[in-house]
Asks: 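What follows is a structure written as structure tokens; I'll ask about it next.
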Amino acid sequence: MIPALLHPYCVEAAALISQVGGTQFDPNEIDSVVPTNNPANGDYQWNFALRIAKLAKANPRALAEQMRLAFLGKPGVKDAQVAGPGFINIYLDSSWLAARLAVQVADPEMGVAPEGHNRTVIIDYSSPNVAKRMHVGHMRSTHIGDVLVRLHRAAKWNVIGDNHLGDWGTQFGKLIVAWNRWRDEDAYARDPVAELERIYVLFGVHAENQPELDELARAETVKLQQGDAANRALWADFLEKSLTEYNAVYQRMGVKFDEMLGESAYRDHTERIVADLLADGVAEESEGAVIVRLGDQVSVVRKRDGASTYTTTDLACVQYRVERWNPDRMVYVTDVRQQQHFATFFSVAKRWNVRSELVHVGFGMLKLPEGTMSTRSGNTIRLVDLLDETVARARSVVDEKSGSIPEDERAEIAEAVGTGAVRYQDLVQSPGTDVSFDWKRMLAMDGNSAPYLLYSHARACSLLRKAGGEGWSPNGSTIVLEHSFERDLALGLLRYPEAFSAALRNAAPNTLAEHVYRMCELFNRFYYELPVLTGGDARQSRLELVEASRRVIAHGLRTLGLHPLERM
Ligand code: ARG
């Protein structure tokens, strides 16, 4: 990718060699301008000449020499030099960088490209299976999905976040059987989801040596699906009670959905979907079932007993979404184990002329350290317990470090730090990898943790508060990037939109997290090494740089769903 700062120059440079060896390329493909690690090599390095040289069978250094000319004398470019086998090293002008930074931080979206142009995206995330407690598995979907929502929104996509609740599955048949046999109404009144969970577990235990229970459960599910009044009433009540509990957890996690259209919303459409698929020649009957053939695989859309499948529901859901929103993109966030389901379902949807871009973001497991938390029900760890435990641990750190802050503010800080630490731990690793839970690391004040990021932001706020007490306020006056620590920090802030776009393009919140961490490191180095309030002639410029850092870091924190505290 090419940073917006350099894009026009790169297009011009590429045009200079477009005739060599008859090479043809699309200006959208002139990629891979990367930040350098060593300032001696400039601020950015471009290897395009090397790539084209292969195609054109030309000398890469000669091509680079030609392309270099397009950069010379351009606003902001101090120099461009050919290095190594044919890289172009680009050196940017510090006062130009400062001016660009001023423009970036005056933008409420901190320079993030509005690539969405009001296109529509649906993010399908969280989606727990109702009547069971939300457990840590759904936490990752919720955190990752929420950041995808925030990333798209800042880039001016029109976003619909949809919680596709599992509220119509066979678990209800089991629950109804269990309810009719083992319910404890007092317990249900006190803590409904706990009671549902208790009887659900009980069902599993009994069904092991009474297989007829499964038969009964199937019958209850059929009755429910056919509209039996008693079963519908139980279902509605279980659903309502579960949602009350879920909503409290979502609120704590800082997550809001635009829609909560669960599987049950599509229950009356699956038959029509099967009929349409047959009529459109996408599906066919086979041994009493209805299937879609995909190469040597088949996808079942109606089972022999007439029941629809997870795929049928997803197809009904896609059709609904296309009719209602006509989305350009649909993103589904689930456990990687559902990869096969989505691959198949996407193929069927495409065959069925669904034109939206379909994306599955699969995430790895969350591993908890053995024996660290009591598991009240089986092996699933409840999300609320995890949040409570982390907030309690954060609270003791806050009490110890910031005893002078009033009690209720300390409680708020601990809540933001604790829930933020759980969230950040989840986001900082790439979605596909497994995450291991580690309280020590996630609550550490140094290193790549939420407390470190939040603290860096609070430090900037505190510095600005002090300056404010001395009568200073930011007025957007010129920043001078004289010292390398100032310049590096400014460049880090200017690269924020690049990191943002990369995170959005690859559905990788970790790319953004890494960059926010990097900006905090650069900010802290600047803060420790250079005097700000007592900076003499540099004071004004440095305070403006602190203000710029605060804004960009806050935007990053908010996009990650962390609460940028003003003090802690
Ligand atoms: N309820 C499912 C689960 O907990 C996830 C649903 C994902 N979304 C979808 N449209 N299939 O595994």
Asks: Show me, pair by pair, the donor-acceptor contacts under 3.5 angstrom made by side chains of residues 158-165, not counting sequence neighbours?
Replies:
{"unit_1": "Asn158", "atom_1": "ND2", "unit_2": "Thr120", "atom_2": "OG1", "d": "3.0"}
{"unit_1": "Asp162", "atom_1": "OD1", "unit_2": "Leu261", "atom_2": "N", "d": "3.1"}
{"unit_1": "Asp162", "atom_1": "OD2", "unit_2": "Arg321", "atom_2": "NH2", "d": "2.9"}
{"unit_1": "Asn163", "atom_1": "OD1", "unit_2": "Ser127", "atom_2": "N", "d": "2.9"}
{"unit_1": "Asn163", "atom_1": "ND2", "unit_2": "Tyr250", "atom_2": "OH", "d": "3.0"}

Asks: Kindly indicate, with the supporting measurements, whether the criterion side chain to side chain contact (heavy atoms under 4.5 Å, CB included) is fulfilled by Phe346 and His360.
Replies: CA-CA 9 Å; Phe346 288 173; His360 176 230; 3.9 Å; yes

Asks: Taking OH in Tyr517 as the centre, count heavy atoms belonging to other residues, nucleotides or ligands within less than 6.0 Å. Is the count above 12?
Replies: yes

Asks: Measuring centre to centre across the rings, with the benzene-like ring taken for any Trp, is Tyr424 within less than 6.0 Å of Tyr452?
Replies: no

Asks: Do the side chains of Met445 and Pro451 get nearer than 4.5 Å, heavy atoms only?
Replies: yes

Asks: In Å and rounded to the nearest 0.5 Å, what is the CG to OG distance from Leu491 to Ser94?
Replies: 9.0 Å

Asks: With no hydrogens and no angle check, do the side chains of Ser430 and Asn510 hold a donor and an acceptor under 3.5 Å apart?
Replies: no

Asks: With sequence neighbours excluded, what pairs up with Asp434 under the salt bridge (charged side-chain N to carboxylate O under 4.0 Å, His left out) test?
Replies: Lys367

Asks: Dump the intermediate steps for salt bridge (Lys or Arg N to Asp or Glu O under 4.0 Å) on Arg505 and Glu115, then the final yes or no.
Replies: CA-CA 10 Å; Arg505 196 177 48 248; Glu115 57 138 68; over 6 Å; no

Asks: Would you say that more than 12 heavy atoms from the other residues, nucleotides or ligands in this model lie under 6.0 Å from the CD of Glu323, or not?
Replies: yes

Asks: Write down the atom of Cys10, the atom of Val33, and the distance for their closest heavy-atom approach.
Replies: SG-CG2, 4.0 Å

Asks: Any Lys/Arg nitrogen of Arg355 or Asp328 sitting under 4.0 Å from an Asp/Glu carboxylate oxygen of the other?
Replies: no

Asks: Does any pair with a residue in residues 84-130 pass ring-ring contact (aromatic ring centres under 6.0 Å, His included), and if so which ones, sequence neighbours excluded?
Replies: Tyr125-Phe257

Asks: For Ala155 versus Leu504, what's the shortest heavy-atom pair and its separation?
Replies: CB-CD2, 3.6 Å

Asks: Considering only heavy atoms from C-beta outward, does the side chain of Gln104 approach that of Val552 to under 4.5 Å?
Replies: yes

Asks: Atom CG in Leu16, atom CE in Met67: separation rounded to 0.5 Å?
Replies: 8.0 Å

Asks: Just by distance, do the side chain of Ser18 and the backbone of Ala14 share a donor-acceptor pair under 3.5 Å?
Replies: no

Asks: Decide yes or no for Thr419 and Met253: does some side-chain heavy atom of the first lie under 4.5 Å from some side-chain heavy atom of the second?
Replies: no

Asks: Looking at Thr36 and Gln45, would you say the former's side chain and the latter's main chain have a donor-acceptor pair under 3.5 Å?
Replies: no

Asks: Within a strict 4.5 Å, meaning less than it, do heavy atoms of the Arg61 and Val82 side chains meet?
Replies: yes

Asks: Does Arg337 pair with Asp335 as a salt bridge, N-O distance under 4.0 Å?
Replies: yes

Asks: Side chains of Arg558 and His563: donor-acceptor distance under 3.5 Å anywhere?
Replies: no

Asks: Donor-acceptor check, side chain of His555 to backbone of Arg551, threshold 3.5 angstrom: yes or no?
Replies: no

Asks: Measure the spacing between CD1 of Ile90 and CD of Gln81 and express it to the nearest 0.5 Å.
Replies: 11.5 Å

Asks: Kindly compute the distance separating NZ (Lys74) from CD (Glu12), expressed to the nearest 0.5 Å.
Replies: 3.5 Å

Asks: Between Thr334 (side chain only) and Gly362 (backbone N and O only), is there a donor and an acceptor less than 3.5 Å apart?
Replies: no

Asks: Test side chain to side chain contact (heavy atoms under 4.5 Å, CB included) on Met330 and Val322 and set out the steps.
Replies: CA-CA 10 Å; Met330 282 185 247; Val322 169; 4.1 Å; yes

Asks: Shortest non-hydrogen contact from Ser456 to Phe523?
Replies: O-CE2, 3.7 Å

Asks: Just how far is it from atom CD1 of Ile553 to atom CZ of Arg459, taken to the nearest 0.5 Å?
Replies: 10.5 Å

Asks: Does anything in residues 31-71 pair up under ring-ring contact (aromatic ring centres under 6.0 Å, His included), and if so which pairs, sequence neighbours excluded?
Replies: Phe25-Phe48, Trp46-Phe48

Asks: Kindly state each residue pair satisfying salt bridge (charged side-chain N to carboxylate O under 4.0 Å, His left out) with at least one member in residues 36-60, sequence neighbours excluded.
Replies: Asp31-Arg51, Asp43-Arg487

Asks: Could you tell me whether Arg153 and Glu109 have a side-chain N and a carboxylate O separated by less than 4.0 Å?
Replies: no

Asks: Which heavy atom of Ser549 sits nearest to which heavy atom of Leu489, and what is that distance?
Replies: OG-CD2, 3.5 Å

Asks: I need the minimum non-hydrogen distance between Pro564 and Leu454, along with the two atoms involved.
Replies: CA-CD2, 4.3 Å

Asks: Does any N or O in the side chain of Ser356 come within less than 3.5 Å of the main-chain N or O of Leu358, such that one atom is a donor and the other an acceptor?
Replies: no

Asks: Determine which pairs satisfy salt bridge (charged side-chain N to carboxylate O under 4.0 Å, His left out) with at least one residue from residues 415-431, sequence neighbours left out, and list them in order.
Replies: Arg140-Asp426, Asp146-Arg423, Arg252-Glu415

Asks: Pick out which of Asn41, Asp79, Asn38 makes a side chain to side chain contact (heavy atoms under 4.5 Å, CB included) with Asn89.
Replies: Asn41

Asks: Got a salt bridge between Glu486 and Arg542, using NZ or NE/NH1/NH2 to carboxylate O under 4.0 Å?
Replies: yes

Asks: Give a yes or no on whether the backbone of Leu151 and the side-chain of Thr559 come within a donor-acceptor separation of less than 3.5 Å.
Replies: no

Asks: Do Tyr310 and His341 have their ring centres less than 6.0 Å from each other?
Replies: yes

Asks: Should the pair Arg525-Glu521 be classified as a salt bridge under the 4.0 Å nitrogen-to-oxygen rule?
Replies: no

Asks: Does any non-hydrogen side-chain atom of Leu294 lie less than 4.5 Å from one of Arg351?
Replies: yes

Asks: Hey, mind stepping through His138 and Ser126 against side-chain hydrogen bond (donor to acceptor under 3.5 Å, both in side chains) and telling me if it holds?
Replies: CA-CA 6 Å; His138 292 108; Ser126 194; over 6 Å; no

Asks: Provide the closest heavy-atom pair for Ser449 versus Met442 in the form atom of the first, atom of the second, distance.
Replies: CB-O, 3.6 Å

Asks: Can you tell if the side chain of Lys350 reaches within under 4.5 Å of the side chain of Ser347, non-hydrogen atoms only?
Replies: no

Asks: Does any part of the side chain of Arg329, heavy atoms only, come nearer than 4.5 Å to the side chain of Trp157, both counted from C-beta?
Replies: yes

Asks: Looking only at atom types and distance, does a side-chain atom of Asp124 sit under 3.5 Å from a main-chain N or O of Val331, one as donor and one as acceptor?
Replies: no

Asks: Using only atom types and a distance under 3.5 Å, with no angle test, would you say the side chain of Asn247 pairs donor to acceptor with the backbone of Leu243?
Replies: yes

Asks: Is a donor from one side chain sitting under 3.5 angstrom from an acceptor on the other, for Ser436 and Asp438?
Replies: no

Asks: Tyr246 versus Val130: any side-chain heavy-atom pair under 4.5 Å?
Replies: yes

Asks: How many angstroms lie between atom NZ of Lys78 and atom CG of Leu97, to the nearest 0.5 angstrom?
Replies: 9.0 Å

Asks: Hey, what's the ring geometry for Phe500 with Tyr496, parallel, tilted or perpendicular (30° and 60° as the breaks)?
Replies: perpendicular

